[in-house]
There are 2 protein chains.
Amino acid sequence: MADDPSGPVDEYGIPIIPDPSDAAQRKRQAIIDAALAEFLREGYSAASMDAITSRSGVSKATIYKHFGNKERLFLAVVGGILPTTYNDLKPFNSTIATAPDLRAALITLTLDWTRILLRPDIMSLRRLVIGEIDRFPQLGQLWYRVSYDMNNGPLIEAFTELSERGVLDAPDPALAVQQLVATTVGVPQLVRTFRPEAELDDAELTRQITSGVDLFLARYAA
Amino acid sequence: MADDPSGPVDEYGIPIIPDPSDAAQRKRQAIIDAALAEFLREGYSAASMDAITSRSGVSKATIYKHFGNKERLFLAVVGGILPTTYNDLKPFNSTIATAPDLRAALITLTLDWTRILLRPDIMSLRRLVIGEIDRFPQLGQLWYRVSYDMNNGPLIEAFTELSERGVLDAPDPALAVQQLVATTVGVPQLVRTFRPEAELDDAELTRQITSGVDLFLARYAA
DNA sequence: GTCTATAAAGTGATAGAC
DNA sequence: GTCTATCACTTTATAGAC
(Lines give C-alpha, C1' and ligand atoms only; values in the text may rest on other atoms or scores of the structure.)
Protein backbone atom coordinates (compact mmCIF):
# COMPACT_ATOMS: atom_id res chain seq x y z
CA MET A 1 0.00 0.00 0.00
CA ALA A 2 1.33 3.39 -0.95
CA ASP A 3 0.00 5.15 2.09
CA ASP A 4 3.26 6.16 3.70
CA PRO A 5 2.61 9.44 5.46
CA SER A 6 4.76 11.76 3.40
CA GLY A 7 2.30 14.54 4.20
CA PRO A 8 -1.04 15.29 5.82
CA VAL A 9 -4.03 13.31 4.53
CA ASP A 10 -7.77 13.75 4.92
CA GLU A 11 -10.25 11.21 6.30
CA TYR A 12 -10.15 9.19 3.09
CA GLY A 13 -6.36 9.03 3.02
CA ILE A 14 -6.17 11.63 0.30
CA PRO A 15 -3.12 13.85 0.68
CA ILE A 16 -3.99 17.35 1.60
CA ILE A 17 -1.94 19.65 -0.56
CA PRO A 18 -2.27 23.10 0.91
CA ASP A 19 -3.27 25.66 -1.67
CA PRO A 20 0.04 27.25 -2.51
CA SER A 21 -1.27 30.79 -2.26
CA ASP A 22 -2.91 29.80 1.00
CA ALA A 23 0.37 28.64 2.49
CA ALA A 24 1.97 31.79 1.26
CA GLN A 25 -0.77 33.77 2.93
CA ARG A 26 -0.18 32.05 6.24
CA LYS A 27 3.55 32.70 6.04
CA ARG A 28 2.83 36.28 5.18
CA GLN A 29 0.71 36.58 8.28
CA ALA A 30 3.40 34.92 10.39
CA ILE A 31 5.89 37.48 9.11
CA ILE A 32 3.53 40.33 9.90
CA ASP A 33 2.91 39.11 13.44
CA ALA A 34 6.59 38.60 14.12
CA ALA A 35 7.53 41.95 12.60
CA LEU A 36 4.92 43.84 14.59
CA ALA A 37 6.10 42.32 17.84
CA GLU A 38 9.71 43.08 17.03
CA PHE A 39 9.06 46.66 15.87
CA LEU A 40 6.98 47.38 18.98
CA ARG A 41 9.74 46.08 21.22
CA GLU A 42 12.74 47.64 19.50
CA GLY A 43 11.52 50.46 17.32
CA TYR A 44 12.23 50.59 13.61
CA SER A 45 16.00 50.97 13.53
CA ALA A 46 16.91 48.60 16.34
CA ALA A 47 14.58 45.89 15.06
CA SER A 48 16.67 43.40 13.10
CA MET A 49 15.53 41.39 10.13
CA ASP A 50 17.33 38.42 11.67
CA ALA A 51 15.19 38.64 14.78
CA ILE A 52 12.01 38.92 12.70
CA THR A 53 13.21 35.92 10.72
CA SER A 54 13.60 33.67 13.73
CA ARG A 55 10.38 34.88 15.34
CA SER A 56 8.37 34.22 12.22
CA GLY A 57 9.78 30.78 11.50
CA VAL A 58 10.31 31.50 7.81
CA SER A 59 13.55 32.29 6.07
CA LYS A 60 14.88 35.75 5.55
CA ALA A 61 14.75 35.42 1.79
CA THR A 62 11.02 34.72 2.02
CA ILE A 63 10.49 37.91 3.94
CA TYR A 64 12.32 39.87 1.28
CA LYS A 65 10.32 38.17 -1.48
CA HIS A 66 7.11 39.26 0.22
CA PHE A 67 7.96 42.76 1.34
CA GLY A 68 10.98 43.92 -0.64
CA ASN A 69 12.88 45.65 2.14
CA LYS A 70 12.74 46.66 5.76
CA GLU A 71 11.02 50.00 5.17
CA ARG A 72 8.21 48.47 3.15
CA LEU A 73 7.77 45.75 5.75
CA PHE A 74 7.46 48.37 8.47
CA LEU A 75 4.93 50.42 6.53
CA ALA A 76 2.88 47.36 5.62
CA VAL A 77 2.81 46.06 9.18
CA VAL A 78 2.15 49.31 11.05
CA GLY A 79 -0.09 50.77 8.36
CA GLY A 80 -2.06 47.53 8.34
CA ILE A 81 -2.62 47.37 12.08
CA LEU A 82 -3.77 50.99 12.47
CA PRO A 83 -7.27 50.68 11.01
CA THR A 84 -7.74 47.37 12.79
CA THR A 85 -6.85 48.98 16.09
CA TYR A 86 -9.16 51.95 15.67
CA ASN A 87 -12.01 49.78 14.51
CA ASP A 88 -12.58 48.89 18.15
CA LEU A 89 -13.70 52.46 18.75
CA LYS A 90 -16.35 52.63 16.07
CA PRO A 91 -19.36 50.94 17.73
CA PHE A 92 -19.67 53.67 20.36
CA ASN A 93 -20.38 56.62 18.09
CA SER A 94 -23.87 56.10 16.77
CA THR A 95 -25.95 56.63 19.89
CA ILE A 96 -24.87 60.15 20.79
CA ALA A 97 -27.22 62.14 18.58
CA THR A 98 -30.30 60.30 19.83
CA ALA A 99 -29.38 59.65 23.44
CA PRO A 100 -32.05 60.65 25.97
CA ASP A 101 -29.38 61.59 28.53
CA LEU A 102 -26.58 63.35 26.67
CA ARG A 103 -24.30 63.70 29.69
CA ALA A 104 -24.48 59.99 30.50
CA ALA A 105 -23.97 59.10 26.86
CA LEU A 106 -20.88 61.32 26.55
CA ILE A 107 -19.40 59.88 29.73
CA THR A 108 -19.96 56.34 28.52
CA LEU A 109 -18.52 57.15 25.10
CA THR A 110 -15.36 58.88 26.26
CA LEU A 111 -14.79 56.39 29.06
CA ASP A 112 -14.96 53.51 26.61
CA TRP A 113 -12.62 55.29 24.19
CA THR A 114 -10.18 56.02 26.98
CA ARG A 115 -10.11 52.44 28.27
CA ILE A 116 -9.30 51.20 24.79
CA LEU A 117 -6.76 53.88 23.89
CA LEU A 118 -4.89 53.40 27.18
CA ARG A 119 -4.35 49.72 26.45
CA PRO A 120 -0.59 49.05 26.64
CA ASP A 121 -0.41 47.64 23.12
CA ILE A 122 -2.12 50.68 21.63
CA MET A 123 -0.01 53.06 23.66
CA SER A 124 3.14 51.28 22.44
CA LEU A 125 1.98 51.49 18.85
CA ARG A 126 1.27 55.17 19.33
CA ARG A 127 4.74 55.81 20.74
CA LEU A 128 6.29 53.87 17.89
CA VAL A 129 4.46 55.91 15.25
CA ILE A 130 5.26 59.22 16.96
CA GLY A 131 8.92 58.32 17.27
CA GLU A 132 9.24 57.38 13.61
CA ILE A 133 7.27 60.28 12.13
CA ASP A 134 10.32 62.04 10.72
CA ARG A 135 11.24 58.85 8.84
CA PHE A 136 7.67 57.81 7.94
CA PRO A 137 5.43 60.88 7.69
CA GLN A 138 2.83 58.73 5.93
CA LEU A 139 2.13 56.93 9.21
CA GLY A 140 1.40 60.18 10.99
CA GLN A 141 -0.99 61.20 8.23
CA LEU A 142 -2.59 57.76 8.32
CA TRP A 143 -2.98 57.79 12.11
CA TYR A 144 -4.54 61.21 11.93
CA ARG A 145 -6.90 60.26 9.15
CA VAL A 146 -7.94 56.98 10.74
CA SER A 147 -8.62 58.53 14.13
CA TYR A 148 -10.52 61.30 12.38
CA ASP A 149 -12.64 58.96 10.28
CA MET A 150 -13.38 56.58 13.12
CA ASN A 151 -13.85 59.03 15.98
CA ASN A 152 -13.93 62.75 15.42
CA GLY A 153 -15.81 62.64 12.13
CA PRO A 154 -18.93 60.84 13.37
CA LEU A 155 -18.93 62.88 16.57
CA ILE A 156 -18.79 66.12 14.59
CA GLU A 157 -21.84 65.02 12.68
CA ALA A 158 -23.65 64.22 15.90
CA PHE A 159 -22.72 67.59 17.41
CA THR A 160 -23.89 69.38 14.29
CA GLU A 161 -27.23 67.64 14.52
CA LEU A 162 -27.51 68.35 18.24
CA SER A 163 -26.75 72.01 17.59
CA GLU A 164 -29.46 72.23 14.97
CA ARG A 165 -31.92 70.67 17.39
CA GLY A 166 -30.94 73.19 20.05
CA VAL A 167 -29.51 70.65 22.46
CA LEU A 168 -25.97 71.91 22.08
CA ASP A 169 -24.60 75.38 21.39
CA ALA A 170 -21.55 74.50 19.34
CA PRO A 171 -20.94 76.98 16.52
CA ASP A 172 -17.71 75.15 15.61
CA PRO A 173 -18.49 71.45 16.06
CA ALA A 174 -15.06 70.31 14.87
CA LEU A 175 -13.26 72.37 17.51
CA ALA A 176 -15.78 71.28 20.14
CA VAL A 177 -14.99 67.63 19.43
CA GLN A 178 -11.27 68.29 19.67
CA GLN A 179 -11.83 69.97 23.02
CA LEU A 180 -14.03 67.18 24.34
CA VAL A 181 -11.45 64.59 23.40
CA ALA A 182 -8.69 66.71 24.90
CA THR A 183 -10.37 67.15 28.30
CA THR A 184 -11.35 63.50 28.58
CA VAL A 185 -9.16 61.00 26.73
CA GLY A 186 -6.31 63.48 26.46
CA VAL A 187 -5.72 63.93 30.18
CA PRO A 188 -4.86 60.36 31.19
CA GLN A 189 -3.37 59.65 27.79
CA LEU A 190 -0.78 62.40 28.20
CA VAL A 191 0.31 60.96 31.54
CA ARG A 192 0.53 57.42 30.19
CA THR A 193 2.45 58.60 27.14
CA PHE A 194 5.39 59.63 29.27
CA ARG A 195 4.87 57.27 32.20
CA PRO A 196 3.64 53.92 30.87
CA GLU A 197 3.67 52.36 34.34
CA ALA A 198 1.78 55.16 36.08
CA GLU A 199 -1.00 53.77 38.22
CA LEU A 200 -4.53 54.82 37.37
CA ASP A 201 -7.34 52.95 39.09
CA ASP A 202 -10.73 52.88 37.50
CA ALA A 203 -12.35 55.18 40.06
CA GLU A 204 -9.81 57.91 39.36
CA LEU A 205 -10.20 57.44 35.62
CA THR A 206 -13.98 57.74 35.90
CA ARG A 207 -13.59 60.87 37.99
CA GLN A 208 -11.31 62.50 35.39
CA ILE A 209 -13.56 61.64 32.47
CA THR A 210 -16.71 62.75 34.25
CA SER A 211 -15.09 66.03 35.18
CA GLY A 212 -14.00 66.52 31.57
CA VAL A 213 -17.51 65.93 30.24
CA ASP A 214 -18.96 68.34 32.79
CA LEU A 215 -16.41 70.93 31.78
CA PHE A 216 -17.44 70.45 28.18
CA LEU A 217 -21.17 70.73 28.94
CA ALA A 218 -20.73 73.83 31.10
CA ARG A 219 -19.82 75.66 27.93
CA TYR A 220 -21.64 73.79 25.16
CA ALA A 221 -24.97 72.65 26.67
CA ALA A 222 -27.67 74.93 25.33
CA MET B 1 63.52 86.85 19.58
CA ALA B 2 61.70 83.76 20.70
CA ASP B 3 58.29 84.98 19.63
CA ASP B 4 57.52 82.42 16.96
CA PRO B 5 53.79 81.88 17.04
CA SER B 6 53.65 78.30 18.23
CA GLY B 7 50.30 79.10 19.79
CA PRO B 8 47.89 81.96 20.61
CA VAL B 9 49.32 84.86 22.61
CA ASP B 10 47.70 87.74 24.48
CA GLU B 11 48.28 91.46 23.93
CA TYR B 12 51.65 91.28 25.72
CA GLY B 13 52.87 88.37 23.66
CA ILE B 14 52.35 85.96 26.51
CA PRO B 15 51.22 82.57 25.27
CA ILE B 16 47.67 81.77 26.18
CA ILE B 17 47.60 78.24 27.41
CA PRO B 18 43.98 77.25 27.59
CA ASP B 19 43.05 75.83 30.96
CA PRO B 20 43.09 72.09 30.27
CA SER B 21 39.76 71.50 31.96
CA ASP B 22 38.42 74.44 29.99
CA ALA B 23 39.41 72.93 26.66
CA ALA B 24 37.92 69.67 27.80
CA GLN B 25 34.75 71.51 28.69
CA ARG B 26 34.52 73.06 25.25
CA LYS B 27 35.04 69.69 23.59
CA ARG B 28 32.44 68.24 25.87
CA GLN B 29 30.01 70.91 24.75
CA ALA B 30 30.87 70.29 21.09
CA ILE B 31 30.11 66.61 21.60
CA ILE B 32 26.80 67.41 23.27
CA ASP B 33 25.75 69.75 20.47
CA ALA B 34 26.68 67.26 17.77
CA ALA B 35 25.04 64.38 19.57
CA LEU B 36 21.78 66.26 20.12
CA ALA B 37 21.56 67.19 16.46
CA GLU B 38 22.26 63.63 15.39
CA PHE B 39 19.84 62.04 17.86
CA LEU B 40 17.09 64.46 16.85
CA ARG B 41 17.62 63.64 13.18
CA GLU B 42 18.01 59.89 13.42
CA GLY B 43 16.58 58.73 16.71
CA TYR B 44 18.63 56.81 19.24
CA SER B 45 19.31 53.56 17.40
CA ALA B 46 19.95 54.94 13.94
CA ALA B 47 22.26 57.66 15.23
CA SER B 48 25.82 56.50 14.75
CA MET B 49 28.74 57.37 16.96
CA ASP B 50 30.76 57.87 13.78
CA ALA B 51 28.40 60.59 12.62
CA ILE B 52 28.50 62.27 16.02
CA THR B 53 32.29 62.06 15.85
CA SER B 54 32.59 63.89 12.56
CA ARG B 55 29.93 66.46 13.49
CA SER B 56 31.67 67.29 16.76
CA GLY B 57 35.19 67.56 15.34
CA VAL B 58 36.72 65.47 18.13
CA SER B 59 37.79 61.86 17.95
CA LYS B 60 35.61 58.95 18.82
CA ALA B 61 37.87 57.87 21.66
CA THR B 62 37.40 61.29 23.28
CA ILE B 63 33.65 60.87 23.21
CA TYR B 64 33.94 57.51 24.91
CA LYS B 65 36.32 58.97 27.53
CA HIS B 66 33.74 61.62 28.35
CA PHE B 67 30.53 59.67 28.25
CA GLY B 68 31.38 55.98 28.53
CA ASN B 69 28.96 54.60 25.96
CA LYS B 70 26.13 55.52 23.63
CA GLU B 71 23.35 55.09 26.18
CA ARG B 72 25.01 57.36 28.71
CA LEU B 73 25.69 59.94 26.02
CA PHE B 74 22.04 59.90 25.01
CA LEU B 75 20.81 60.27 28.57
CA ALA B 76 23.27 63.06 29.32
CA VAL B 77 22.38 64.99 26.17
CA VAL B 78 18.62 64.63 26.23
CA GLY B 79 18.35 64.80 30.01
CA GLY B 80 20.48 67.92 29.96
CA ILE B 81 18.47 69.76 27.32
CA LEU B 82 15.07 69.11 28.90
CA PRO B 83 15.24 71.57 31.81
CA THR B 84 16.86 74.15 29.53
CA THR B 85 14.02 73.82 27.08
CA TYR B 86 11.28 74.13 29.67
CA ASN B 87 12.97 77.05 31.35
CA ASP B 88 11.63 79.23 28.54
CA LEU B 89 8.15 78.65 29.92
CA LYS B 90 8.79 79.76 33.46
CA PRO B 91 8.55 83.58 33.23
CA PHE B 92 4.89 83.47 32.31
CA ASN B 93 3.54 81.87 35.47
CA SER B 94 3.82 84.47 38.17
CA THR B 95 1.24 86.99 37.05
CA ILE B 96 -1.85 84.79 37.01
CA ALA B 97 -2.84 84.97 40.66
CA THR B 98 -2.76 88.77 40.71
CA ALA B 99 -3.94 89.58 37.18
CA PRO B 100 -6.73 92.17 37.00
CA ASP B 101 -8.23 90.47 33.93
CA LEU B 102 -7.99 86.71 34.48
CA ARG B 103 -9.33 85.75 31.07
CA ALA B 104 -6.81 87.93 29.25
CA ALA B 105 -4.01 86.66 31.47
CA LEU B 106 -4.93 83.02 30.84
CA ILE B 107 -5.09 83.60 27.10
CA THR B 108 -1.69 85.29 27.08
CA LEU B 109 -0.18 82.55 29.23
CA THR B 110 -1.46 79.59 27.25
CA LEU B 111 -0.80 81.29 23.93
CA ASP B 112 2.82 81.92 24.88
CA TRP B 113 3.22 78.35 26.09
CA THR B 114 1.73 77.00 22.92
CA ARG B 115 3.95 79.06 20.64
CA ILE B 116 7.02 77.77 22.45
CA LEU B 117 5.92 74.14 22.72
CA LEU B 118 5.00 74.01 19.03
CA ARG B 119 8.50 75.06 18.00
CA PRO B 120 9.83 72.40 15.62
CA ASP B 121 12.92 71.69 17.73
CA ILE B 122 10.84 71.11 20.85
CA MET B 123 8.32 68.98 18.98
CA SER B 124 11.17 66.86 17.61
CA LEU B 125 12.64 66.45 21.08
CA ARG B 126 9.24 65.43 22.37
CA ARG B 127 8.81 62.82 19.63
CA LEU B 128 12.28 61.50 20.31
CA VAL B 129 11.61 61.09 24.04
CA ILE B 130 8.22 59.47 23.44
CA GLY B 131 9.66 57.04 20.92
CA GLU B 132 12.46 55.95 23.24
CA ILE B 133 10.44 55.64 26.44
CA ASP B 134 10.52 51.85 26.49
CA ARG B 135 14.31 51.99 26.33
CA PHE B 136 14.77 55.03 28.58
CA PRO B 137 11.89 55.29 31.05
CA GLN B 138 13.94 57.79 33.06
CA LEU B 139 13.46 60.36 30.30
CA GLY B 140 9.69 60.02 30.47
CA GLN B 141 9.78 60.51 34.21
CA LEU B 142 12.11 63.47 33.81
CA TRP B 143 9.97 65.11 31.13
CA TYR B 144 6.93 64.68 33.29
CA ARG B 145 8.63 66.07 36.39
CA VAL B 146 10.18 69.00 34.56
CA SER B 147 6.96 70.03 32.87
CA TYR B 148 5.18 69.65 36.20
CA ASP B 149 7.69 71.72 38.16
CA MET B 150 7.93 74.44 35.54
CA ASN B 151 4.31 74.68 34.41
CA ASN B 152 1.58 72.80 36.20
CA GLY B 153 2.97 73.22 39.71
CA PRO B 154 3.01 77.03 39.77
CA LEU B 155 -0.36 77.18 38.02
CA ILE B 156 -1.88 74.85 40.59
CA GLU B 157 -0.71 77.19 43.32
CA ALA B 158 -2.21 80.15 41.52
CA PHE B 159 -5.53 78.34 41.03
CA THR B 160 -5.60 77.35 44.68
CA GLU B 161 -5.13 80.96 45.70
CA LEU B 162 -7.76 82.16 43.24
CA SER B 163 -10.19 79.59 44.60
CA GLU B 164 -9.61 80.77 48.15
CA ARG B 165 -10.25 84.35 47.05
CA GLY B 166 -13.48 83.28 45.38
CA VAL B 167 -12.36 84.17 41.85
CA LEU B 168 -12.33 80.57 40.69
CA ASP B 169 -14.43 77.59 41.69
CA ALA B 170 -11.88 74.80 41.32
CA PRO B 171 -12.25 72.16 44.03
CA ASP B 172 -9.50 70.08 42.37
CA PRO B 173 -6.92 72.63 41.13
CA ALA B 174 -4.52 69.96 39.83
CA LEU B 175 -7.18 68.46 37.56
CA ALA B 176 -8.32 71.94 36.50
CA VAL B 177 -4.80 72.78 35.37
CA GLN B 178 -4.56 69.53 33.41
CA GLN B 179 -7.84 70.36 31.72
CA LEU B 180 -6.82 73.92 30.90
CA VAL B 181 -3.59 72.72 29.35
CA ALA B 182 -5.47 70.02 27.46
CA THR B 183 -8.04 72.35 25.90
CA THR B 184 -5.47 74.96 24.92
CA VAL B 185 -1.93 73.73 24.30
CA GLY B 186 -3.11 70.16 23.85
CA VAL B 187 -5.32 70.75 20.83
CA PRO B 188 -2.76 72.09 18.33
CA GLN B 189 0.01 70.02 19.91
CA LEU B 190 -1.84 66.79 19.17
CA VAL B 191 -2.20 67.74 15.52
CA ARG B 192 1.44 68.75 15.19
CA THR B 193 2.58 65.59 16.93
CA PHE B 194 1.31 63.46 14.09
CA ARG B 195 1.53 66.03 11.30
CA PRO B 196 4.65 68.15 11.78
CA GLU B 197 4.06 70.08 8.58
CA ALA B 198 0.41 70.89 9.21
CA GLU B 199 -0.31 74.52 8.54
CA LEU B 200 -1.53 76.61 11.45
CA ASP B 201 -1.60 80.37 11.00
CA ASP B 202 -1.48 82.60 14.02
CA ALA B 203 -5.10 83.72 13.72
CA GLU B 204 -6.33 80.13 13.84
CA LEU B 205 -4.04 79.36 16.77
CA THR B 206 -5.35 82.35 18.69
CA ARG B 207 -8.90 81.30 17.96
CA GLN B 208 -8.28 77.79 19.31
CA ILE B 209 -6.56 78.99 22.46
CA THR B 210 -9.19 81.64 23.16
CA SER B 211 -11.94 79.09 22.72
CA GLY B 212 -10.13 76.73 25.10
CA VAL B 213 -9.80 79.38 27.79
CA ASP B 214 -13.47 80.32 27.43
CA LEU B 215 -14.40 76.66 27.75
CA PHE B 216 -12.33 76.48 30.90
CA LEU B 217 -13.86 79.62 32.41
CA ALA B 218 -17.42 78.56 31.59
CA ARG B 219 -16.99 75.86 34.19
CA TYR B 220 -14.45 77.27 36.64
CA ALA B 221 -15.12 81.01 36.86
CA ALA B 222 -16.93 81.66 40.14
C1' DG C 1 43.06 64.04 27.47
C1' DT C 2 43.33 63.14 22.76
C1' DC C 3 44.44 60.84 18.75
C1' DT C 4 44.77 56.84 14.86
C1' DA C 5 43.92 52.34 13.78
C1' DT C 6 41.48 48.33 14.42
C1' DA C 7 38.93 44.63 16.53
C1' DA C 8 34.62 41.82 16.93
C1' DA C 9 30.06 41.45 16.07
C1' DG C 10 25.95 42.46 13.72
C1' DT C 11 23.49 44.67 9.64
C1' DG C 12 20.36 44.57 5.36
C1' DA C 13 20.17 42.28 1.35
C1' DT C 14 20.94 38.64 -2.39
C1' DA C 15 22.59 34.47 -5.44
C1' DG C 16 21.60 30.07 -6.61
C1' DA C 17 19.71 25.43 -5.55
C1' DC C 18 15.44 23.12 -5.19
C1' DG D 1 7.83 30.26 -3.39
C1' DT D 2 11.17 28.89 -0.15
C1' DC D 3 15.46 27.73 1.52
C1' DT D 4 20.79 27.89 2.88
C1' DA D 5 24.85 30.22 2.69
C1' DT D 6 27.10 34.29 2.12
C1' DC D 7 28.38 39.09 0.73
C1' DA D 8 29.64 43.82 1.49
C1' DC D 9 29.22 47.00 4.76
C1' DT D 10 28.46 49.47 9.25
C1' DT D 11 28.15 49.22 14.04
C1' DT D 12 29.94 50.11 18.98
C1' DA D 13 33.83 50.06 21.45
C1' DT D 14 38.86 49.83 22.67
C1' DA D 15 44.27 49.40 22.55
C1' DG D 16 48.29 51.83 22.37
C1' DA D 17 51.01 55.97 21.00
C1' DC D 18 51.68 60.68 22.30
Side-chain angles (χ1 to χ4, degrees), chain A residues 6-8 15-39 41-78 128 132 135-136, chain B residues 6-8 15-78 132 135-136:
Chain A
S6 61
I16 297 173
I17 308 295
D19 183 353
S21 75
D22 220 52
Q25 209 57 36
R26 276 207 313 278
K27 299 217 173 193
R28 191 185 173 86
Q29 192 58 46
I31 295 168
I32 288 175
D33 293 343
L36 180 60
E38 180 73 6
F39 284 133
R41 280 188 60 86
E42 304 291 337
Y44 172 75
S45 298
S48 93
M49 298 297 278
D50 275 357
I52 295 173
T53 298
S54 34
R55 260 184 201 267
S56 66
V58 308
S59 82
K60 190 149 54 160
T62 300
I63 297 180
Y64 277 89
K65 283 285 178 193
H66 275 273
F67 294 94
N69 60 33
K70 191 182 178 183
E71 286 198 7
R72 290 175 58 84
L73 174 62
F74 183 77
L75 283 172
V77 167
V78 177
L128 176 65
E132 299 296 343
R135 209 185 307 264
F136 301 101
Chain B
S6 59
I16 297 172
I17 308 295
D19 182 351
S21 74
D22 221 54
Q25 208 59 33
R26 276 208 312 280
K27 297 218 173 190
R28 189 184 175 87
Q29 192 57 47
I31 296 168
I32 288 175
D33 293 344
L36 180 60
E38 181 73 7
F39 283 133
L40 283 177
R41 280 189 61 85
E42 303 291 338
Y44 172 75
S45 297
S48 94
M49 297 298 276
D50 275 356
I52 295 172
T53 297
S54 35
R55 261 184 201 266
S56 66
V58 308
S59 81
K60 190 150 49 160
T62 299
I63 297 180
Y64 276 89
K65 283 284 179 192
H66 274 274
F67 294 95
N69 60 35
K70 190 182 180 183
E71 287 198 7
R72 291 176 57 84
L73 175 62
F74 183 77
L75 283 172
V77 167
V78 177
E132 299 296 346
R135 208 184 308 264
F136 301 102

Just how far is it from atom [atom1] of [X] to atom [atom2] of [Y], taken to the nearest 0.5 Å?
X        : Y       : atom1 : atom2 : value
A:Ile31  : A:Glu38 : CD1   : CD    : 14.0 Å
B:Tyr44  : B:Leu75 : OH    : CG    : 8.0 Å
A:Glu132 : A:Phe74 : CD    : CZ    : 5.0 Å

Counting any heavy atom closer than 4.0 Å, what does [X] reach on the DNA or RNA strands: base, sugar-phosphate only, or nothing?
X       : answer
A:Lys27 : sugar-phosphate
B:Asp50 : base
B:Lys65 : base
A:Ser48 : sugar-phosphate

Quick one: [X] [atom1] to [N] [atom2], roughly how many Å, whole number?
X       : N      : atom1 : atom2 : result
B:Lys70 : D:dT11 : NZ    : P     : 9 Å
B:Asn69 : D:dT12 : CG    : P     : 11 Å
B:Ile52 : D:dT12 : CD1   : C1'   : 11 Å
B:Glu42 : D:dT12 : CD    : P     : 11 Å
A:Glu38 : C:dT11 : CD    : C1'   : 13 Å
A:Met49 : D:dA8  : CE    : P     : 20 Å
B:Lys60 : D:dT14 : NZ    : C1'   : 10 Å
B:Gln25 : C:dG1  : CD    : C1'   : 13 Å

Minimum heavy-atom separation for A:Glu42 to B:Arg135, with atom names?
->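 A:Glu42 and B:Arg135 have their closest heavy atoms at O-NH2, 2.9 Å.
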
State, to 0.1 Å, how close A:Ala46 and B:Ser45 come at their nearest heavy-atom pair, and which atoms those are.
->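 Smallest interatomic distance, heavy atoms only, reads CB-OG, 3.3 Å.
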
Give a yes/no on whether any side-chain N or O of B:Tyr64 is located under 4.0 angstrom from OP1 or OP2 of D:dT14.
->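 Checking D:dT14 against B:Tyr64, no side-chain N or O comes under 4.0 Å of OP1 or OP2.
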
When you check the phosphate oxygens OP1 and OP2 of C:dC3, does a side-chain N or O of B:Thr62 lie under 4.0 Å from one of them?
->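 For B:Thr62, the contact criterion (side-chain N or O under 4.0 Å from OP1 or OP2 of C:dC3) is met.
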
Consider the side chain of B:His66, meaning its heavy atoms from C-beta on, and name the nucleotide among C:dG12, C:dT2, D:dA13 that approaches it most closely.
->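 Closest nucleotide to the B:His66 side chain: C:dT2.
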
Of the nucleotides C:dA13, D:dC3, D:dT12, which has the atom closest to the A:Ser59 side chain?
->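 Among the listed nucleotides, the one closest to the side chain of A:Ser59 is D:dC3.
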
If you pin B:Ala61 and A:Ala46 to their nearest nucleotides in DNA chain C, which one's is more 5'?
->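 Whichever sits nearer the 5' end wins; that is B:Ala61.
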
Five-pair end axes of the helix from C:dG1-D:dC18 to C:dC18-D:dG1 and the angle they enclose, rounded to 10° =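 Nearest ten degrees gives 0° for this helix.
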
Heavy-atom check, side chain of A:Met49 versus side chain of A:Leu73, under 4.5 Å =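 Sidechains of A:Leu73 and A:Met49: in contact.
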
Student check: side-chain heavy atoms of B:Tyr64 and B:Thr53 closer than 4.5 Å |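 Answer no - side chains too far apart.
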
